[in-house]
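Notes follow the structure.
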Amino acid sequence: MIPEFGQFALVVALVCALIQSTLPFIGAAKNIPAWISVARPAAQAQFISLAVSFACLVYVFIQNDFSVLYAAQNSNTKLPIEFRISAVWGAHEGSLLLWALTLGTWTYAVSVFSIKIPDVMIARVLGVMGIISIGFILFILMTSNPFTRIFPVPIEGRDLNPLLQDFGLIIHPPMLYMGYVGLSVAFAFAIAAMMAGRLDAAWARWSRPWTSIAWVFLTIGIALGSWWAYYELGWGGWWFWDPVENASFMPWLVATALIHSLAATEKRGVFKAWTVLLAVFAFSLSLLGTFLVRSGVLTSVHSFASDPERGLFILIFLILVVGSSLVLYAWRAPAIKSTSKFKFISKETALLLNNVLLVVAAGTILLGTLYPLVIDALSLGKISVGPPYFNSVFVPIMVPLVALMAIGVLIRWKEDNLQRMKKHLLTYFVISLALGLLGTWMMPSFTISSVIAITLAWWVVLNMSYHFMLRFKNKAVSWQGLKTIPRAIYGMHIAHIGIAVFTIGVTLTSAYSTEKDVMLTPGESYSLAGYDFKFAGSNRIVGPNYQGDRGHVTVTQDGNFIAKMEPEKRIYTVQRSPMTEAAIDAGITRDLFVAMGEPRGKDGGWALRLYHKPFIRWIWLGALIMSFGGLLAATDKRYRKAK
Amino acid sequence: MNKNFIKRLFFFLILVMQLPFTHASVEFRTFERPDLEARYNVMVDELRCLVCQNQNLKGSNSDLAKDMRNKVYEMIAAEKTNKEIVDYMVARYGDFVLYKPPFKSTTLLLWLGPLAFLLIAFITVIRVVKQRNQANALEELSDEEHQRAVKLLQPELLNKDDSA
Amino acid sequence: MLKLKFILPLIAFALLVALLFVGLSNDPRRVPSPLVGKPAPAFELPRLQDPNVTFSPEMLKGEVWLLNIWASWCSGCQVEHPVLNELAKQNLVSIVGFDYKDTNAQAKAWLAKLGNPYRLVVTDQKGLVGFDYGVYGVPETFFIDKKGIIRYKHIGPVSYKDLTEKIIPLIKALKAEP
């Protein structure tokens, strides 16, 4: 009964979405207040229906109802409860329902936190979001229904893929989806503004907090995915430029550009057309990502069971949504006039450069991701485009961007001159370079990338600090003074410093990681990067739905005890697949990583992989700092007041 | 033998091929010199496992990946150059096996694309900023000059607010 | 009125969509063989029925033949086997079985159970020769012409549809060549 009820709730949600996306639009066009006011309640009803539907699916999984095909394929009675719940979004159908629910959540939030925004505008915004909801709910009902039953009912489920039986699955997809889907809000605002013919600063001011929060979720979601892959997959990598990873990174890059563009539009009324286009672009990339993951068009470790039929549905949906937005853009954008002018040396130009570089980066990643498809479509064979390509084209774009970032914060709006800043910039450059060289000197070897990264990081930190301290130019730093500074200012500085931290993590770990595959018998040890790894042997272990071996490694440095590491090699009983659970000793300046390979010989020896990864945590730390900064900016008083 | 069966079978095959191979394998190898080891590590990082869902040789535990790694190891130990190893793999598996796409006529757009994007981007920025500057120049008339111009050209518009 | 720069995004999007549409009908996992058009790599492998006797591709120079890569552990091979049996009945070409990374006992049992369409079977237990042929998944079938050149590689199981639409016409075409 519950599964059918869940499916029924989906249909109810669809009806609500239909109402949400028709009456308010017509009401807005013909100025019928009654129809306009249908928007909020319809949106809220849609959310509740979706929540009920989702709850039904969760219930199915908790109760081990294997008469539901989706549960039979992805769960098992021996699966621990937390993974049984997260298994709900572990495969195609359920994750789509999560997507729809997330959209419902954002829709609900917009309907509740937008009292100060004119009803006509909100009607259109919710209308647009309603159309997207219709698309997804229809997709689920027509091609990917998680509530389909199966007869005869299997006694046991097929179990969740062991790789997914992890904390990562509990948080990564929900965060990521909150980000992806959240970009639909900015998109909806842009469409609504274009429809109304009102693309002034007000639109930008309303969109900003929504976009920032979506950006925060997306940042956290991507960082979680990277962190999860790192400790789960066991080969020390944290980013593979896999099509699905790229599908999440491209919207992030464009969303970053969007945030900056919205700031310029709100403050100075410039780049109105660009901002609209960016909002459309960002969400289009989200939808494109959905297409790429589920259509089977590209090979990826992340792909769900792919099906060209489903792919076609999403593609048509993509054409309708993005196509009509771009037609609307082509129609309305020419009439947009910017009300302000600016000189070559100005914050406006800096932001324009910033956005342009970000878009170029996103475009480059798109090119690399889709290129194999292009070659194949033209029957020119099959090629692969992987990390070597992406790393070599992406980094050169990012380096000038990070360098520019620091200057951009300092430049004034409308008109500035470099002379005024020249002495200061030069001084800070010299200091940063000196620190960069010093920092590199402390590293195991000399690399140019380390010099560049550390210099850049200090360049950013110094300039950010300087810019922040400008507020205290004529007075002493006081607690009172600090409290009066708007949150958004804190947020801005913190977010940019997060980028500096991230840069350090990425560069130093790439340049100085060391690893070694070794064969150790109990009692033997190996020395890597100054650490001694002593293997003490292994013992058999049994878990709730697996069994395996656990190794014992003691790590010392110059005789001092550092850590006891216990990697595991498991065989999950249902799917009979082997899995390594690496042991990681995490640290601020380095990670130590031990993974078990195969047992060798009769004397209890094992092949082990040892890693030393300096500063790798700074990658995710940087992302967290960025997100925190974004959160501060999004919750600034003026947005909370305006709601 | 309907379509549904084939679909499920294909899916099953994909699963069978994919399941056990989604995490790294650890192999103990000895190298005569550290530079050989370094070359080996780079090779297994940049070569693709054909049967996997987008993984390199280093990260895959599949049989074929093992064979390919063994071959790379063999060739490195025999002091073959990187180019020879790459050519060997490509002769058997095609360009698909390389994660770093070769620079040839079909990949020209791929390798030069980013540069082209950057160029277009910079040109666009310069043009946009110039445009705003042109407008600036036109508005450089002071209020007094503006009034004089209006007086001369269209006296009937005086005292009217003519902001366009 | 319709300035180019405002229509550009739409045009770019249209191109993208066209590409994705074509992509839907392509299989990204199907890797074409670079060996097509090149001579079949030479090898000398023991035969399944009598490991003391070996077989080399050059022994079949002058005739068109198929090299079918299979294994007893491969389920797709089980699916295509009846099709191969059917093809063998037609006496059009010799099919040489290539037992990849298998054990002789299991291979023999498998053939006994499912039928033997092969003129002869060679065994590549370590898979080293398979490597030379760019084998990446079983089953695969190579079409070799009279001059010993690989003319086509069929990836995956052979279906009845493939048989009538692609395989038999191709075999006939290759046989018609001098």
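Here the structure is a predicted model, which is why all the values come from computation and not from measurement. Chain A is the first sequence line, chain B the second, and so forth, proteins listed ahead of strands; every chain is numbered from 1.
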Are [X] and [Y] side-chain neighbours, meaning at least one heavy-atom pair lies under 4.5 Å?
X	Y	answer
A:Leu373	C:Leu20	yes
A:Asp376	C:Pro28	no
A:Phe291	C:Leu24	yes

CZ/C:Phe43: more than 12 non-hydrogen atoms of other groups inside 6.0 Å | yes
Heavy atoms of other groups near A:Trp274 CH2, more than 12 under 6.0 Å | no
Might you work through the side chain to side chain contact (heavy atoms under 4.5 Å, CB included) test for A:Ile336 and C:Phe6, ending with a clear yes or no?
-> CA-CA 11 Å; A:Ile336 301 173; C:Phe6 293 110; over 6 Å; no
Residue from A:Val280, A:Val322, A:Leu277, A:Val327 passing side-chain contact (heavy atoms from CB on, under 4.5 Å) with C:Pro9 =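 Among A:Val280, A:Val322, A:Leu277, A:Val327, the one that satisfies the side-chain contact (heavy atoms from CB on, under 4.5 Å) with C:Pro9 is A:Leu277.
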Proximity breakdown for A:Phe281 and chain C, heavy-atom pairs closer than 4.5 Å | neither
Which answer fits A:Ile319, side chain, backbone, both or neither, if we ask what part of it has an atom under 4.5 Å from a heavy atom of chain C?
-> both
The interface call for C:Leu16 against chain A, heavy-atom contacts under 4.5 Å, is side chain
Part of C:Val22 within contact of chain A (heavy atom distance under 4.5 Å) | side chain
If you measure from CG on C:Leu19 to OH on A:Tyr371, what distance do you get to the nearest 0.5 Å?
-> 11.5 Å
What residue, out of A:Ala333, A:Ser284, A:Gly296, has the most heavy-atom pairs lying under 4.5 Å from chain C?
-> A:Ala333
